[in-house]
Amino acid sequence: ARLPRSAVLKKILDSVKDLVKETNWDCNEEGMSMQALDTGRIVLVEVMLREAAFESYACEVPMTLGIDMEPFGKVLRCAGGDEKVTIKASRNDQDHIELVFENEEKERMSAFELKLMDIDGEHMAVPDAEWGAEISMPSSEFKKIVMDLAEIGSDLTIAVSKLGVTFTAQGNNCKGSMVLQPSTAVDKKSEQVAISFTEPLEMTFAAPYMKMITKAAALSSTVTLSLDEACPICVRYEMEDNAGHIKYYLAPKED
Amino acid sequence: GLAQRGLSTFFRLI
């Protein structure tokens, strides 16, 4: 599997490493995907890198690659963001993978081996949901709102109504809320705020977890929040050019 | 205060 830029892998690693230390990557002809739970089983993260994300991709037999994020991060730090990455996994020797970074400009090539782990991964069946509300907005704006409000209080409430979407945090000494209304005068789709809902709803989530979830803003200019009463929120970042997505499910806080 | 629920109460582990 050859990616045109290592930056994609670096961003994916950044988006999951606070939640997950080791995870199985499933490789098949459609691409590479992973699903993992954080140790507290509060957040589920799913990553899909489709064949379209790669400059070239071939997977003759489905394989599971057990990756330890820490050494993987060390290896990836050796790659320039605009260097090509080739990942090679051999079906005859499933003990390790090879990573080759190529810098075409400097005619430099570097090669690494990463030992694979035997991970007893837990998989969760996520049912298809009929969401009560969906909000799409610029991922940078969502990130700023979450980062700012997480400083105010550890509970982040998201309310959707005719007024728009309201994000609220309450701390011991202060309380803050931010309201976003659907944008009408913005041309660029990536800058638009779109809100749809069937019934008004209000749900509360742990702000520190939500902060971790906003790391994926580096992977996509937009984010979609899908909510339903008394259900985990789904926060989805779609990568450009059908390259894939990263999705997080975060369980709510309740009385 | 509010209690944090776990995902296992919503999704099935397989």
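Note that these values count all heavy atoms, side chains included, but never hydrogens, waters or copies made by symmetry. Just so it is clear: chains get the letters A, B, ... in the order the sequence lines come, proteins before strands, and each one is counted from 1.
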Inset, instruction - Let me know if Tyr249(A) has heavy atoms under 4.5 Å from chain B in its side chain, its backbone, both or neither. - result: both
Inset, instruction - Report, as yes or no, whether the 6.0 Å neighbourhood of atom CD on Glu134(A) holds more than 12 heavy atoms from other residues, nucleotides or ligands. - result: yes
Legend entry - Flag if over 12 foreign heavy atoms under 6.0 Å of CD, Glu254(A): yes
Legend entry - Residues, nucleotides or ligands: over 12 heavy atoms within 6.0 Å of Lys144(A) NZ: no
Inset, instruction - Look up atom CG in Leu7(B) and atom CZ in Arg41(A), then write down how far apart they are to the nearest 0.5 Å. - result: 10.0 Å
Inset, instruction - First locate atom CG of Leu44(A), then atom CZ of Phe10(B), and finally report the distance between them rounded to the nearest 0.5 Å. - result: 12.5 Å
Legend entry - Non-hydrogen side-chain atoms of Ser8(B) and Met124(A) separated by less than 4.5 Å: yes
Legend entry - Least distance between heavy atoms, Pro252(A) atom then Gln4(B) atom: O-NE2, 3.3 Å
Inset, instruction - Work out which heavy atom in Arg5(B) is nearest to a heavy atom in Ile42(A); give both atom names and the distance. - result: O-CD1, 3.7 Å
Legend entry - Distance-minimising heavy-atom pair for Gly6(B) and Ala251(A): C-CB, 4.0 Å
Legend entry - Whether over 12 other heavy atoms sit under 6.0 Å from Asp118(A) CG: no
Inset, instruction - Please flag which part of Asp155(A) lies under 4.5 Å from any non-hydrogen atom of chain B: side chain, backbone, both or neither. - result: side chain
